[in-house]
> 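The following block contains the structure, expressed as structure tokens.
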2 protein chains.
Amino acid sequence: MARGGREGSDGSDRADAPAADESDEVTELAAELRRLLLVSSRILRSHTASEEVSASQFSVLAFLQRSGTSTPGALADFEHVSPPVMTRMLGRLEEAGLVRRSAHPGDGRQVQVALTDSGEQVVLQGRAERDAWLRRRLQAAGPQERRTLREATALLRRTLVERRD
Amino acid sequence: MARGGREGSDGSDRADAPAADESDEVTELAAELRRLLLVSSRILRSHTASEEVSASQFSVLAFLQRSGTSTPGALADFEHVSPPVMTRMLGRLEEAGLVRRSAHPGDGRQVQVALTDSGEQVVLQGRAERDAWLRRRLQAAGPQERRTLREATALLRRTLVERRD
DNA sequence: TATTGTTATACTCTATAACTATA
DNA sequence: TATAGTTATAGAGTATAACAATA
């Protein structure tokens, strides 16, 4: 990791101008984080898909199960996908009989989306099984490590997901 | 999977049988982590793709730049994709003139993969630009938070990526 | 005119199965 | 027989542009 050198060692000690070391540190963290997210999302995707629904589809179903009802636009925002992608996802879920689309009361442009009974079954029964692989690993990691991971999860969400600019 | 209710809630308080609270805690962390990885990989992918190469392709180029030379099989392992996926990725990169495939000396079954000069250019010039978005956010998060993220990155890699079973 | 959603189009990402060539 | 890689096939994930309907 070779970060040799002290900060401010070249005389540029203004507080708001990051020193070379800090810049290196951020650069390296960024590269590691990028790679980790890319690879671990692949791994997780493969471990949380089932024959019934993919990881992405399950995420939509789980959101609907908690929120009761939503619209394609709200779901697209929540999942961070473009509207056409959500239209397609909902189309597949509807074909599979897991969600139902109906007219929005009051605003004819919008569409209401809700789980069917079958969709609710998939969420409730699938949840435990779906996260089993991840739970096993977290269990093995130990309490202290889970504490770090909980902090980091919240932090990553704030840093990557919720911030808007 | 349905492991029959909560463990430990019936008075079995052996130290290696996680209490109900711990089980709930792990379950919740697993669900949050799954969702975070799914969503943030989407976000990151959209912010690290360029016209030249996608996020995945860049990751392959960056690995080659550091390792000098590799084989399709080793790259597939490293990226956690199946062999046919790597074949296709390499095909596209080769078409674009960024990598070169050549006969493996000593083992005719294997193939050697290396960057072309053009591919090296893409890596070296693309690195800073590609991570700019992520670096800005990490910079804004502050030193203490980056420390947590560094710990968590290493921890997640050990927990999710490196463990084999 | 702005918003919501969909359709059309065109990629990339991904896996499994079957095949070829070499060891 | 086992290993490395590719081809064939199929489907999911993703985005932008163009369109329709409603507000």
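What you are looking at is a predicted structure, and each value in this text was computed from that prediction instead of being measured. Reminder, nothing fancy here: chain letters follow the sequence lines and each chain counts from 1.
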> Among A/R101, A/Q110, A/R109, whose side chain to side chain contact (heavy atoms under 4.5 Å, CB included) with A/T71 holds?
A/Q110
> How many Å lie between CD1 on B/I43 and P on D/dT14, as a whole number?
11 Å
> If you only use heavy atoms from C-beta on, which nucleotide in C/dA10, D/dA17, D/dT6 is closest to the side chain of A/R88?
C/dA10
> Could you check which of C/dT6, D/dT14, D/dG13 has an atom nearest any side-chain atom of A/S54?
D/dG13
> Hey, which sits more toward the 5' end of DNA chain D by its nearest nucleotide, B/R101 or A/A55?
B/R101
> Given D/dG13, D/dA15, C/dC13, which nucleotide is nearest the side-chain atoms of A/V85?
D/dA15
> Look at the side chain of B/R45 and decide which nucleotide, out of D/dT14, C/dC13, C/dG5, has an atom nearest to it.
C/dC13
> Do the side chains of B/R150 and A/E28 get close enough for a salt bridge, i.e. N-O under 4.0 angstrom?
no
> Measure from the side-chain heavy atoms of A/T71 and tell me the nearest of C/dG5, C/dA15, D/dG5.
C/dG5
> Among the nucleotides C/dA8, D/dG13, C/dT14, which one has an atom lying closest to any side-chain atom of A/P84?
C/dA8
> Roughly, in whole Å, what's the span from CD in A/E94 to P in C/dG5?
14 Å
> Just how far, in rounded Å, is P of C/dA23 from NE2 of B/H104?
11 Å
> Check this for me: B/E145, atom CD, are more than 12 non-hydrogen atoms of other residues, nucleotides or ligands nearer than 6.0 Å?
yes
> Under 4.0 Å between a side-chain N or O of A/S82 and OP1 or OP2 of D/dT14?
no
> Has A/T116 got a side-chain atom pairing as donor or acceptor with A/G97's backbone, closer than 3.5 angstrom?
yes
> Any idea which of C/dT3, C/dC13, D/dA12 is nearest the A/R109 side chain?
C/dT3
> Between A/L90 (CG) and C/dT7 (C1'), how many Å, whole number?
15 Å
> Quick check on DNA chain C: between A/Q110 and A/S46, whose nearest nucleotide comes earlier from the 5' end?
A/Q110
> Round to the nearest Å and state the distance from A/R92 atom CZ to C/dT7 atom P.
14 Å
> Quick check: on DNA chain C, is the nucleotide nearest A/Q112 upstream (toward 5') of the one nearest B/M89, or the reverse? Name the residue that is more 5'.
A/Q112
> Let's see if you can work this out: which of D/dT14, C/dT14, D/dA23 has an atom nearest to the side-chain heavy atoms of B/V81?
C/dT14
> Between the side chain of A/R146 and the main-chain N/O of A/L138, is any donor-acceptor distance below 3.5 Å?
yes
> May I ask you to say whether A/R35 pairs ionically with B/E79, meaning some side-chain N is under 4.0 Å from a carboxylate O?
yes
> Classify the nucleic acid contact of B/P72 as base, sugar-phosphate or nothing, counting any heavy atom under 4.0 Å across all strands shown.
sugar-phosphate
> Rounded to whole Å, please give me the gap between CZ in A/R42 and C1' in D/dA12.
15 Å
> Where the side chain of B/T87 is concerned, which of C/dT14, D/dT7, C/dG5 is the nearest nucleotide?
D/dT7
> Which whole-number value in Å describes the distance from B/E79 CD to C/dT12 C1'?
15 Å
> Side chain of B/D107: nearest nucleotide among D/dT14, D/dT6, C/dT22?
C/dT22
> Rounding to an integer number of Å, can you tell me how far B/L75 CG sits from C/dC13 C1'?
17 Å
